[in-house]
Visitor: 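My questions will all concern the structure given below.
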There are 4 protein chains.
Amino acid sequence: MGRSDERCCIRTGAGRRESYTEAPSVYQGVIAVEARPPGRARRPRADAARNRERLLEAAKRVFGRDDGAHSSLEAVAREAGVGIGTLYRHFPTRESLFEAVYRREVEQLVELAGQLAGGPDPVAALRRWLRANVEFVATKKGMAAALAIVMQGTTDLSAYTAERLTAAVGGLIDRAVAAGALRGDVGPEDLLRLLVSLCYGSSAPGWQHNVLRLLDVFVDGMRRDRA
Amino acid sequence: MGRSDERCCIRTGAGRRESYTEAPSVYQGVIAVEARPPGRARRPRADAARNRERLLEAAKRVFGRDDGAHSSLEAVAREAGVGIGTLYRHFPTRESLFEAVYRREVEQLVELAGQLAGGPDPVAALRRWLRANVEFVATKKGMAAALAIVMQGTTDLSAYTAERLTAAVGGLIDRAVAAGALRGDVGPEDLLRLLVSLCYGSSAPGWQHNVLRLLDVFVDGMRRDRA
Amino acid sequence: MGRSDERCCIRTGAGRRESYTEAPSVYQGVIAVEARPPGRARRPRADAARNRERLLEAAKRVFGRDDGAHSSLEAVAREAGVGIGTLYRHFPTRESLFEAVYRREVEQLVELAGQLAGGPDPVAALRRWLRANVEFVATKKGMAAALAIVMQGTTDLSAYTAERLTAAVGGLIDRAVAAGALRGDVGPEDLLRLLVSLCYGSSAPGWQHNVLRLLDVFVDGMRRDRA
Amino acid sequence: MGRSDERCCIRTGAGRRESYTEAPSVYQGVIAVEARPPGRARRPRADAARNRERLLEAAKRVFGRDDGAHSSLEAVAREAGVGIGTLYRHFPTRESLFEAVYRREVEQLVELAGQLAGGPDPVAALRRWLRANVEFVATKKGMAAALAIVMQGTTDLSAYTAERLTAAVGGLIDRAVAAGALRGDVGPEDLLRLLVSLCYGSSAPGWQHNVLRLLDVFVDGMRRDRA
DNA sequence: AATGAATGAGGCTTCATTCAT
DNA sequence: CATGAATGAAGCCTCATTCAT
C-alpha cells in the first residue's frame with residue numbers, strides 16, 4: 001500500500017509550500033451558537049435543559065467514535081448519564097438527535113465562512129475554509145456523518161441547514177469567481193459533496209493529510225488562470 | 001471436504017451490450033476472465049452454480065442500495081430467492097461475500113486499464129478510465145460499495161485485489177506523468193479514494209453527470225502545463 | 001445506571017408448607033434468608049421484581065426438565081410469560097441465570113445443614129440431610145441441574161456457592177468422623193457428587209425411593225463400625 | 001488417549017491396597033462382537049459396509065469429545081469422511097446412530113461379565129466389573145452418554161440392550177447374594193444407575209479415581225457381613 | 001449408493017420503541 | 001419530567017433433514 005509516511009510537506013498547486021501541522025487553525029475562534037426555536041413559551045426546566053445538553057454532548061462523543069453512526073441510542077443515553085426515556089423525550093427520532101447534533105456544528109462552519117469572506121485573497125479563503133472543515137471533522141469525528149446527512153437532504157430540517165451551509169460556501173466561491181480567480185462551473189453543492197465524500201469514511205492514519213492534498217488539487221483544477 | 005473454494009466459475013457473457021448514457025461507453029469490451037482450477041474433477045452442481053450466481057447478483061443489488069453495506073445477509077438471500085443457509089454455504093462470512101462480489105468487477109476494471117494504456121494521449125486515457133468507472137458504478141450500483149470495501153483494505157484477499165486495481169490505475173497515471181502531462185504528487189490511491197468517495201452514496205438524479213464534472217476538474221488540477 | 005445487580009430481593013414465604021411424600025420432610029423449616037443491599041435507595045419496580053421471580057421459577061421448571069440444562073433461553077422466557085428481552089435484562093448471560101437459580105436453593109440447604117448439626121446422632125443427621133436433598137430435588141426439580149452446575153464449579157460465583165455447600169455438608173461429615181462413626185476417606189465433595197449424580201436425570205417413577213435406598217447403602221459403606 | 005496420571009493409590013473398604021494403574025485391566029481381551037440383524041437377505045456392498053464402519057468409529061470419536069453428545073451430525077460425517085447423506089442412509093435418526101455406537105460397547109461389557117462370573121470371589125468379581133466399566137468410560141468417553149441413554153430406556157432397541165446389560169450385572173450380583181456376601185436389596189438396575197450417574201458428566205481431572213472410590217464404598221455398604 | 005446442496009426452523013442476541021412508576 | 005423495565009422484531013448463525021444429481 002502506499003504513501004503512509006506523512007512527512008506532510010507537500011507542494012500545493014502554485015508552488016506554495018505548507019506544513020499542515022504548523023498551519024494556523026482557523027475554526028477555533030468560532031463561538032458555539034445554539035439556535036433554539038423561539039416559539040416555545042414555557043421556559044424549560046433547568047434539569048431538562050441540562051439533560052438536553054448532556055445528550056447532545058454524549059451523542060457527539062458516541063457518534064464520533066469509529067462507525068459511531070450505528071451506535072445504539074441506549075449507548076448515547078448511558079454516555080449522557082440519563083435514562084433512555086429521557087433521550088426519547090428530547091429527541092423523538094434518531095434523526096432528530098442527529099440533526100440537533102450537527103446543527104450546532106454546521107452553525108460554526110457557517111460562521112467561519114462569514115469571517116473568512118472579508119480577506120483579500122478569495123481563493124485562499126476558500127482553501128482555508130475547506131481546511132477548517134477537515135480539521136473540524138478530524139476533531140469531532142461525528143461531523144463527517146453529520147455533514148453526510150445534511151447533504152443527502154432527507155429531512156426538511158436538514159434541508160434548512162444544508163441551505164445555510166450551501167449559502168455560506170457559495171458566498172466564498174462567488175467572490176472568487178467574481179474576481180476572475182475561479183471558473184464558474186463548480187457550485188457550492190459540488191464542493192460540499194466532494195468535501196463530505198472525502199471525509200466520510202476516511203479513517204486510515206494520515207487521512208487528513210491526504211484529503212487536504214486532494215482538495216488542494218481540486219481547487220487548482222478550479223483555477224481560472226490555468227487552461 | 002465441503003466449502004467450495006471461492007473462486008468463481010461463472011462467466012458473465014462478454015456479448016451483453018448496454019449503454020446507460022449517451023456518452024460513448026468504454027468498458028464494454030471488457031471480458032470477464034476467471035481462472036478455473038483445473039484439478040477439481042467434480043463439476044459443480046448446476047443448481048449450486050445458479051444459486052451462487054443469484055447470490056452474487058443479489059448481493060450486488062442489495063449492497064448497492066443506500067447504506068447497503070449494512071444490509072442484512074438475510075435480505076441478500078431473500079433477494080436472491082434462496083434460503084439463508086444457502087447463502088452461508090457459499091459465503092461463510094460476510095466478508096467472503098463482499099470479496100466475491102467485488103473481485104469480478106474489479107477484474108474488469110483492471111482489464112480496461114490495460115486496454116486503455118495503449119492510446120496516444122495518456123491524460124485522455126485516464127479520463128476515460130475514470131468515466132468508465134462512473135458508468136460502471138451507474139450500471140452496477142453495487143460497485144461503489146465494492147470499491148469502497150476494496151480500498152479500505154480490511155482483508156488479505158481484498159488487499160490483493162486492491163493492489164491489482166492500484167497497479168492498473170497507477171500505470172495510467174505513471175504514463176501521463178512520464179510524458180510530463182500530469183504532476184507526480186497524486187498517486188493511484190488518491191485517485192481511487194476520490195473516485196470511490198464520489199460515487200459512494202451518490203444517488204441523487206444526475207449524480208453521474210456531477211461526479212464526472214468533479215473528476216474532470218480534479219484532473220485539470222493534476223495537469224502539469226498549468227501553474 | 002442499568003443492570004441491577006444480581007442479588008435477589010424476593011423472599012419465598014417461609015410459611016408455605018408442602019409435603020411431597022409421606023416421609024417426614026425435614027427441609028420445611030428452612031427460611032430463605034437473602035441479604036438486601038442497604039445502600040440502594042430506589043426500590044425495584046413491582047413488575048421488575050415479579051418478572052424476575054417468574055423467570056427464576058420458569059428457569060427452575062425448564063432446566064429441571066430432562067436435559068433441561070440445554071433448554072433455550074427463549075423457552076424459559078416463554079414459560080415465564082415474559083419477552084426474551086426481559087430475560088436478558090435480568091440475566092445478561094445464561095450463566096447468570098443459572099447462578100441466580102441455584103443460589104437461593106443452595107442457601108436453604110446450607111441453612112438446613114446448620115440446623116441438623118445440633119442433633120445427637122451425627123450419622124442420622126447426615127442421612128436426614130441427604131434425604132432432605134432428595135426431597136428438595138423432588139419438590140423443585142430444577143435443583144438437580146442447579147446442584148450439578150454448582151458442583152462443576154465453572155464460575156467464580158458458583159465456586160463460592162459450591163464452597164458454602166461443601167462446608168455445610170463437610171461439617172456434618174466431620175462431626176460423624178470425629179465421633180468415630182464414619183470413616184474419614186469420603187469427603188463432602190464425594191458425597192455431593194454422588195448426590196447430584198443420582199438425582200440428576202432421575203425421572204422414572206419411584207426414583208426418589210430408589211435414590212434414597214442407594215444413598216443409605218452408601219452411608220452404610222461409610223460406617224466405621226463395620227470391618 | 002485416556003489414563004493420564006492415575007497414580008491413584010487409595011484404601012478401599014476393607015483395607016485392601018490397590019494401585020489403579022497396576023491393577024490388571026480386564027476388558028482388553030474382550031472381542032468386539034458386532035451383532036447384525038440376520039434377516040437382511042442382501043449382502044451389503046463392500047463400500048457400504050466400510051462407510052458404516054467409518055461412521056461408527058467417527059461417531060465414537062466425535063461423541064467421545066467433551067460435550068460430544070451435542071455434536072452435529074455433519075461433524076460426524078466429516079470425521080468419517082463421508083457425505084451427510086450417507087450418514088442418514090445408514091442411521092436415519094440420531095438415536096439409531098447412538099444405539100449402534102453403544103451396542104457394541106455394551107456387548108463387550110456383557111461379555112466381560114460372563115468371563116468374570118467364573119472366579120472364586122463373587123464380590124471381587126463385581127468390583128472388577130465396575131472397575132472395568134469405569135476404565136471403559138475413561139477410554140471411550142462417549143460410553144458415558146451411551147450408557148446413560150441405555151439406562152433411560154427411551155427406545156425399544158435400547159431397551160433390549162439395557163436388558164442384556166442388566167442381566168449381565170444381575171448375574172454377578174446374584175452369585176454374590178447367593179453366597180451370602182451381599183445383601184439382596186440392591187438390584188442390577190440400581191448399580192447400573194449409580195455407575196452411569198457417577199461416570200456421566202465427570203470430567204474433572206482424577207475423576208476416575210474418585211468414582212472408583214465411591215463405588216468401592218458403595219459395595220462396602222452392600223456387604224452382608226457388616227452390620 | 002454416495003454425495004453434498006438447499007432449506008428453514010430455531011436459538012442467540014441487540015436495540016428501537018413504548019409505557020408503567 | 002425522568003426513569004428504566006418490557007417487548008418483540010430482526011439480524012446472526014447453526015444444524016437437522018430432505019432431495020437432486
Side-chain angles (χ1 to χ4, degrees), chain A residues 44-52 70-78 81-90 92-94, chain B residues 1-4 42-52 55 70-78 80-90 92-94, chain C residues 1-4 42-52 55 70-78 80-90 92-94, chain D residues 44-52 70-78 81-90 92-94:
Chain A
R45 259 169 49 174
D47 56 347
R50 184 170 32 86
N51 280 342
R52 185 188 168 84
H70 298 96
S71 306
S72 75
L73 295 186
E74 287 252 6
V76 173
R78 200 163 39 239
V82 307
I84 181 67
T86 305
L87 184 150
Y88 269 87
R89 168 168 290 273
H90 286 288
T93 69
R94 169 179 276 260
Chain B
M1 208 30 27
R3 292 301 169 243
S4 63
R42 182 179 287 273
R43 180 157 59 82
R45 253 218 262 165
D47 55 348
R50 179 172 35 83
N51 279 340
R52 188 189 169 82
L55 280 165
H70 298 97
S71 307
S72 78
L73 296 186
E74 305 206 311
V76 173
R78 211 176 314 127
V82 306
I84 182 66
T86 302
L87 184 149
Y88 272 91
R89 167 172 287 275
H90 285 286
T93 69
R94 170 178 279 261
Chain C
M1 211 23 33
R3 291 303 169 238
S4 63
R42 182 180 287 274
R43 182 157 59 83
R45 247 169 52 170
D47 56 348
R50 180 172 35 82
N51 279 341
R52 190 190 168 83
L55 280 165
H70 299 97
S71 307
S72 77
L73 296 186
E74 304 204 313
V76 173
R78 212 176 313 127
V82 307
I84 182 65
T86 303
L87 185 149
Y88 271 88
R89 167 172 285 276
H90 285 286
T93 68
R94 170 179 279 260
Chain D
R45 258 168 51 173
D47 57 347
R50 184 169 33 86
N51 279 342
R52 185 188 168 84
H70 298 96
S71 306
S72 75
L73 296 185
E74 287 252 6
V76 173
R78 197 162 43 237
V82 306
I84 181 67
T86 305
L87 184 150
Y88 268 87
R89 166 169 290 274
H90 286 289
T93 70
R94 170 179 275 259

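Below, read A as the first sequence line, B as the second, and so on, with proteins coming before strands; counting in each chain starts at 1.
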Visitor: Looking only at non-hydrogen atoms, find the nearest pair between Val76(C) and Leu55(C) and report the distance.
Guide: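 Val76(C) and Leu55(C) have their closest heavy atoms at CG1-O, 4.1 Å.
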Visitor: Let's test this: given Watson-Crick or G-U wobble pairing with both distances under 3.5 Å, identify the partner of dA9(E).
Guide: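 In the structure as shown, dA9(E) has dT14(F) as its Watson-Crick or wobble partner.
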Visitor: Atom CZ of Arg89(A) and atom C1' of dA16(E): how far apart are they, to the nearest Å?
Guide: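 Value for this atom pair: 18 Å.
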Visitor: According to a strict under-4.0 Å criterion, is His90(D) in side-chain N/O contact with OP1 or OP2 of dA1(E)?
Guide: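 Negative; the distance criterion is not met.
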Visitor: Take atom CG of Leu73(C) and atom C1' of dT14(E), then tell me their distance rounded to the nearest Å.
Guide: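 Computing the Leu73(C):CG to dT14(E):C1' distance gives 14 Å.
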Visitor: Return the CZ to CG distance between Arg89(A) and Asn51(A), rounded to the nearest 0.5 Å.
Guide: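 Result: 11.0 Å between the selected atoms.
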Visitor: Contact class for Ile84(A) (heavy atom, under 4.0 Å): base, sugar-phosphate, or nothing?
Guide: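 If one applies the 4.0 Å heavy-atom cut-off, Ile84(A) turns out to touch a base.
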Visitor: Is the distance from OP1 or OP2 of dC15(F) to the nearest side-chain N or O of His70(D) less than 4.0 Å?
Guide: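 So the side-chain polar atoms of His70(D) never come under 4.0 Å of the phosphate oxygens OP1 or OP2 of dC15(F).
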Visitor: Would you compute the distance between atom OH of Tyr88(B) and atom CZ of Arg94(B) and round it to the nearest 0.5 angstrom?
Guide: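 Answer rounded to 0.5 Å: 8.0 Å.
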Visitor: For dA2(E) and Asn51(D) - does any side-chain N or O of the residue sit under 4.0 Å from the phosphate oxygens OP1/OP2?
Guide: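 For dA2(E), OP1/OP2 do have a side-chain N/O of Asn51(D) under 4.0 Å.
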Visitor: Nearest whole Å is fine: how far is dC12(F) P from Arg78(B) CZ?
Guide: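 In whole Å, dC12(F) P lies 10 Å from Arg78(B) CZ.
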Visitor: Is there a Watson-Crick or G-U wobble partner for dT21(F) with both distances under 3.5 Å, and if so, which one is it?
Guide: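 Base-paired to dA2(E).
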Visitor: Whole-Å distance between dC12(E) P and Leu87(C) CG?
Guide: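 Taking CG of Leu87(C) and P of dC12(E), I get 9 Å after rounding.
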Visitor: Would you classify Thr86(B) as touching base, sugar-phosphate or nothing, given that sugar-phosphate means primed atoms plus P, OP1 and OP2, and contacts are heavy atoms under 4.0 Å?
Guide: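 Base, at least one base heavy atom under 4.0 Å.
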Visitor: Say you draw a straight line from CZ of Arg78(B) to CD1 of Ile84(B); how long is it, rounded to the nearest 0.5 Å?
Guide: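 Going from the CZ atom of Arg78(B) to the CD1 atom of Ile84(B) covers 9.0 Å.
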Visitor: Nearest whole Å is fine: how far is dG8(E) C1' from Tyr88(B) OH?
Guide: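 Going from Tyr88(B) (OH) to dG8(E) (C1'), I get 14 Å.
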Visitor: Side-chain N or O of Arg94(A) less than 4.0 angstrom from OP1 or OP2 on dA16(E)?
Guide: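 For dA16(E), OP1/OP2 do have a side-chain N/O of Arg94(A) under 4.0 Å.
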Visitor: Tell me which of Gly85(D) and Glu74(C) sits closer to the 5' end of DNA chain F, going by the nucleotide each one is nearest to.
Guide: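 Nearest nucleotide further toward 5': that of Glu74(C).
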